[in-house]
Amino acid sequence: VQLQASGGGLVQAGGSLRLSCAASGIKFSVYTMAWYRQAPEKQRELVAVIATGGSTNVVDSVKGRFTISRDNAKNTLYLQMNSLKPEDTAIYYCNARFIATYWGQGTLVTVSS
């Protein structure tokens, strides 16, 4: 099983990034998918989740700025991040949950002020 996250980078406050997570080795469509993030010296936290049917939920701190989506035909999870803030700086991890739980390796997002 592999969850390959990409799309992170350095961006100025107010900018945008789109993260991708390509999944292999799992039947992607049956997994609930999510993005988590971990800022320096902080615990990993849930950012957004998308169910198998497409319903989504995002945490209040990113509501209206981040959008989670999935393409089951491409086995890929996305996170569109707009209006980025310095406090969004973190390593972002994709997560797949069904009977088992899998984690990607993370992609670093740095937002400069």
Seminar exercise, completed: What one should report as the nearest heavy-atom pair of T76 and A22 is OG1-CA, 4.2 Å
Problem set entry | pair F66-L84: side-chain heavy atoms closer than 4.5 Å | yes
Problem set entry | Rounded distance [0.5 Å steps], CD1 in I26 versus OG in S24 | 8.0 Å
Exercise. Is there a side-chain contact between L79 and T67, using heavy atoms and a 4.5 Å cut-off?
Worked result: no
For this session: Check whether any side-chain N or O of T110 sits under 3.5 Å from a backbone N or O of L10 as a donor-acceptor pair, and report yes or no.
Result: no
Problem set entry | Any side-chain heavy-atom pair of T32 and I50 under 4.5 Å | no
Exercise. Linking I/L/V/M/F/W/Y whenever any side-chain heavy atoms sit under 4.5 Å apart, do V11 and V62 land together?
Worked result: yes
Problem set entry | Shared hydrophobic cluster for V47 and I91 (ILVMFWY, side-chain gaps under 4.5 Å) | no
Exercise. So do the side chains of T107 and S6 get within less than 4.5 Å of each other, counting heavy atoms only?
Worked result: no
For this session: May I ask you to test the R37-D88 pair for a side-chain heavy-atom distance under 4.5 Å?
Result: yes
For this session: Verify, without hydrogens or angle tests, whether R70 (side chain) and A51 (backbone) share a donor-acceptor contact under 3.5 angstrom.
Result: yes
Exercise. Between the main-chain N or O of L77 and the side-chain N or O of W35, is there a donor-acceptor pair closer than 3.5 Å?
Worked result: no
For this session: Would you confirm whether Q2, through its side chain, and A23, through its main-chain N or O, come within 3.5 Å as a donor-acceptor pair?
Result: no
Seminar exercise, completed: Closest heavy-atom pair, S83 versus R65, reported as atoms and distance to 0.1 Å, is O-NH1, 2.9 Å
Problem set entry | Non-hydrogen side-chain atoms of V58 and T56 separated by less than 4.5 Å | no
For this session: To the nearest 0.5 Å, tell me how far I68 CD1 sits from Q80 CD.
Result: 12.5 Å
Exercise. Hey, are the side chains of V109 and M81 touching, using non-hydrogen atoms and a 4.5 Å cut-off?
Worked result: yes
Problem set entry | Shared hydrophobic cluster for V30 and L3 (ILVMFWY, side-chain gaps under 4.5 Å) | yes
Exercise. Just wondering, are more than 12 heavy atoms of other shown residues or ligands nearer than 6.0 Å to NZ in K63?
Worked result: yes
Exercise. Does a side-chain heavy-atom distance below 4.5 Å link L19 with Y78?
Worked result: no
Exercise. Do W103 and L108 sit in the same hydrophobic cluster, where Ile, Leu, Val, Met, Phe, Trp and Tyr count as joined when their side-chain heavy atoms come under 4.5 Å apart?
Worked result: yes
Seminar exercise, completed: Separation between NZ (K27) and CG (N72), nearest 0.5 Å, reads 9.0 Å
Exercise. Do S61 side-chain atoms and V59 backbone N/O form a donor-acceptor pair below 3.5 Å?
Worked result: no
Exercise. Taking only residues two or more places apart in sequence, or in another chain, which ones meet Q4 in a side chain to side chain donor-acceptor pair (under 3.5 Å)?
Worked result: none
Seminar exercise, completed: Nearest heavy-atom contact between A5 and C94 is CB-SG, 4.3 Å
Exercise. Are a donor atom and an acceptor atom from the side chains of R97 and N95 found within less than 3.5 Å of each other?
Worked result: no
Seminar exercise, completed: Nearest heavy-atom contact between V111 and T89 is N-OG1, 2.9 Å
Problem set entry | Inter-residue atom distance L46.CG - N57.CG, 0.5 Å rounding | 8.0 Å
Exercise. Side chains of N82 and S16: donor-acceptor distance under 3.5 Å anywhere?
Worked result: yes
Exercise. Is there any ring pair (Phe, Tyr, Trp, His ring centres under 6.0 Å) pair reaching into residues 80-101, and which pairs are they, with sequence neighbours excluded?
Worked result: Y31-F98
